[in-house]
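Please read the structure below before turning to the comments.
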Amino acid sequence: SSGINAEYGVRMARIIPKLRHIIKINDITPTMMNKWSPAECETRRILASCYRLTHLLGWDDLIYGHITSRVPDTEDEILINPYGLHYTEITAANLVKMKITTNETVDPGNSKFPYQPTGGVIHSAIHANRPDLHTLFHMHSREGISLATAVEKMEPICQSSTELGEVCYHDFRGVIFQSEDKEPLSRDFPKPHKTLIMRNHGLLTGGQTVEEAFNRMYFLWQVCQTYVDAGYTSGPVPDRAKINEKILQQSTQGFEECRLETAYGVQEFEALCRLLDYQGLETGYPYSEASKHFMRQTGMELD
C-alpha cells in the first residue's frame with residue numbers, strides 16, 4: 001500500500017509539468033477581489049491548494065470527498081468544492097460559498113457546478129456544532145476505508161498516532177443527505193476532538209486552519225496505512241505493538257518542542273505548496289520570509 005502511494009506521487013510529479021493545460025490555483029481576478037475580502041481570498045487560495053495536494057498524495061476519490069473552510073468574519077458561511085470537478089480542477093475562484101444554517105448557495109464561484117448535498121449536510125452539521133473548527137477535511141482513501149470498515153477501535157501503534165489525540169467514531173447510517181442525519185454526526189464528534197473515523201465510510205479531521213486539518217489527516221492516513229501494511233485490519237493488534245499512554249504523552253510533547261514558531265501544520269503545508277508552485281500551479285500561498293528567500297535562491301520569481 002505504501003509503495004503504491006509513493007509510486008502514485010512520483011508519477012503525478014512527473015506528469016503534471018507535462019500537461020498541456022495547467023489550471024492555476026490562484027485565479028482570483030481584481031473584480032473578485034472587490035467582492036471578496038482579502039481574508040476570504042487568502043482562505044480560498046489555501047483551501048484550493050489543499051485540494052490539489054490531496055490529489056498529489058493519491059487521497060482523492062473521483063469527484064467525491066470534501067474539504068471545507070469557514071469564510072473569515074462570518075458565522076454561518078463555508079467554502080466547499082463544486083460537485084463535478086476533479087480535485088486538479090479546483091481553484092480559488094470556483095469554490096462555492098454556502099450557508100451552514102440553510103444550506104443555500106451564497107456565491108457559486110466562477111463555475112456552473114453546484115455543491116454536493118451530502119457534503120453540505122456532513123460539513124454544515126459539524127461546522128454548526130464546532131465553531132472551534134474552521135476547517136474540516138473528509139476523504140475516502142483506500143487505507144482509511146479499510147480501517148473504518150475492519151477496526152473497532154484504533155490503537156496507538158506508531159509515532160504518527162501521537163498527533164491524533166482521542167479518536168471519535170460515527171456508525172454508518174447510510175448515505176448522509178437528510179437534515180435528521182446531522183444530530184447523530186454532531187453528537188459523535190464533540191469538542192475538543194479533531195479526529196473522526198466514520199465507520200464503513202472514511203476519515204474526517206478538523207482544525208483551526210486548513211494547514212492543521214491537512215496535517216492531522218496526513219498523520220491519520222499514516223496510521224491507517226500502518227494498520228493495513230502490518231495486517232492489523234485482519235486481526236487484533238498485539239500488546240507489544242501498542243504504545244503505552246506515558247510514552248504517547250511524552251511523544252506528543254516532543255513533537256511540539258521540535259516545531260518551529262509557526263502555527264500547527266504550517267511548516268509541512270508550506271513545503272508542499274512550494275512543490276505545487278515549482279510545477280507552475282501558482283498557489284498564491286502566503287509564504288514565510290524563509291520560504292520566499294529559499295524560492296528566490298532556486299530562481300523562482302515571486303510577486
Side-chain angles (χ1 to χ4, degrees), residues 22-55 63 65-117 119-128 130-138 206-214 262-263 265-266 269-270 272-274 276-277 280-288 291-292 302-303:
I22 296 293
I23 302 174
K24 295 178 180 179
I25 295 169
N26 181 19
D27 60 342
I28 295 177
T29 65
T31 301
M32 294 173 184
M33 293 177 70
N34 288 331
K35 71 171 180 172
W36 297 330
S37 70
E40 178 176 340
C41 288
E42 182 172 290
T43 298
R44 285 175 171 272
R45 296 181 189 108
I46 298 173
L47 183 57
S49 297
C50 190
Y51 277 98
R52 301 298 187 94
L53 292 175
T54 300
H55 167 72
I63 58 173
H66 309 278
I67 315 165
T68 55
S69 271
R70 292 184 188 277
V71 177
D73 303 317
T74 70
E75 294 183 357
D76 66 342
E77 295 179 357
I78 61 173
L79 298 170
I80 190 170
N81 52 317
Y83 184 45
L85 293 185
H86 190 264
Y87 280 23
T88 58
E89 298 173 311
I90 303 298
T91 69
N94 65 32
L95 290 164
V96 178
K97 189 192 302 186
M98 63 168 285
K99 276 188 176 293
I100 60 175
T101 49
T102 62
N103 288 343
E104 69 176 299
T105 298
V106 178
D107 188 327
N110 68 358
S111 82
K112 294 185 179 295
F113 291 90
Y115 72 85
Q116 187 196 37
V121 170
I122 294 173
H123 287 251
S124 64
I126 298 176
H127 275 294
R130 296 289 305 275
D132 57 310
L133 299 180
H134 287 240
T135 298
L136 299 175
F137 191 143
H138 171 50
Q208 294 182 359
T209 63
V210 174
E211 292 94 334
E212 180 185 357
F214 174 87
T262 58
V266 168
F269 195 88
E270 191 174 77
L272 292 175
C273 279
R274 291 197 299 267
L276 296 177
D277 276 317
L281 294 176
E282 296 186 14
T283 65
Y285 188 79
Y287 287 113
S288 64
S291 273
K292 290 178 182 177
L302 300 175
D303 295 333

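Numbering starts at 1 and runs along the sequence shown. If you're wondering where the values come from, they're calculated on a predicted model, not measured in any experiment.
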Closest approach of [X] to [Y] (non-hydrogen atoms, all atoms of both residues):
{"X": "Thr135", "Y": "Thr209", "result": "OG1-C, 3.4 Å"}
{"X": "Pro82", "Y": "Phe113", "result": "CB-CB, 3.6 Å"}
{"X": "Gly280", "Y": "Lys24", "result": "O-CG, 4.0 Å"}
{"X": "Leu133", "Y": "Gly206", "result": "CD2-C, 3.9 Å"}
{"X": "Ile80", "Y": "Tyr51", "result": "C-OH, 4.3 Å"}
{"X": "Val210", "Y": "Cys50", "result": "CG1-CB, 3.7 Å"}

Which distance, rounded to the nearest 0.5 Å, do you find between the [atom1] of [X] and the [atom2] of [Y]?
{"X": "His127", "Y": "Glu77", "atom1": "NE2", "atom2": "CD", "result": "12.5 Å"}
{"X": "Ile90", "Y": "Thr54", "atom1": "CD1", "atom2": "OG1", "result": "10.5 Å"}
{"X": "His86", "Y": "His55", "atom1": "NE2", "atom2": "NE2", "result": "5.5 Å"}
{"X": "Ile78", "Y": "Met98", "atom1": "CD1", "atom2": "CE", "result": "4.5 Å"}
{"X": "Ser124", "Y": "Asp76", "atom1": "OG", "atom2": "CG", "result": "11.0 Å"}

Using atom types as modelled and distance alone, determine if a side-chain donor or acceptor of [X] lies under 3.5 Å from a backbone N or O of [Y].
{"X": "Arg44", "Y": "Leu95", "answer": "yes"}
{"X": "Asn26", "Y": "Arg45", "answer": "no"}
{"X": "Glu270", "Y": "Ser291", "answer": "no"}
{"X": "Asn94", "Y": "Glu89", "answer": "yes"}
{"X": "Tyr115", "Y": "Gly120", "answer": "no"}
{"X": "Tyr87", "Y": "Gly65", "answer": "yes"}

In chain order, what residues pass the salt bridge (Lys or Arg N to Asp or Glu O under 4.0 Å) check against Arg70, with sequence neighbours excluded?
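Arg70 satisfies salt bridge (Lys or Arg N to Asp or Glu O under 4.0 Å) with no residue once adjacent residues are dropped.
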So for atom CG, which belongs to Asn34, do other residues, nucleotides or ligands contribute more than 12 heavy atoms lying within a distance under 6.0 Å?
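More than 12 within 6.0 Å, yes.
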Taking everything shown except Lys112 itself, do over 12 heavy atoms lie less than 6.0 Å from its NZ?
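Open.
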Test Ile46 against Glu211 for side-chain contact (heavy atoms from CB on, under 4.5 Å), laying out the working first.
CA-CA 8 Å; Ile46 298 173; Glu211 292 94 334; 4.0 Å; yes
Give the ring-plane orientation class for Phe269 versus Phe214, where under 30° counts as parallel, over 60° as perpendicular and anything between as tilted.
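It falls in the perpendicular class, over 60°.
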Report the C-alpha separation of Thr68 and His66 in whole Å, then their side-chain angles, then the decisive distance to 0.1 Å, and conclude whether the side-chain hydrogen bond (donor to acceptor under 3.5 Å, both in side chains) test is met.
CA-CA 6 Å; Thr68 55; His66 309 278; over 6 Å; no
Quick one, Pro114 and Thr105 - any side-chain contact, counting heavy atoms below 4.5 Å?
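Not in contact.
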State, with a plain yes or no, whether a side-chain heavy atom of Leu47 is found less than 4.5 Å away from one of Ile67.
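Yes. Closest side-chain heavy atoms under 4.5 Å.
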What's the verdict on side-chain contact (heavy atoms from CB on, under 4.5 Å) for Thr29 and Met32, showing C-alpha distance, side-chain angles and the deciding distance?
CA-CA 5 Å; Thr29 65; Met32 294 173 184; 3.3 Å; yes
Pair Ile63-Leu85, side-chain contact (heavy atoms from CB on, under 4.5 Å): steps then yes or no:
CA-CA 6 Å; Ile63 58 173; Leu85 293 185; over 6 Å; no
Asp277 and Tyr285: CA distance, side-chain angles, deciding distance, side-chain hydrogen bond (donor to acceptor under 3.5 Å, both in side chains) verdict
CA-CA 9 Å; Asp277 276 317; Tyr285 188 79; over 6 Å; no
Reference residue Arg52; test side-chain contact (heavy atoms from CB on, under 4.5 Å); the match among Thr283, Ile23, Leu272
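Result for side-chain contact (heavy atoms from CB on, under 4.5 Å) with Arg52: Ile23.
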Does Glu40 form a side-chain contact (heavy atoms from CB on, under 4.5 Å) with Lys97? I'd like the steps, not just the answer.
CA-CA 10 Å; Glu40 178 176 340; Lys97 189 192 302 186; 3.1 Å; yes
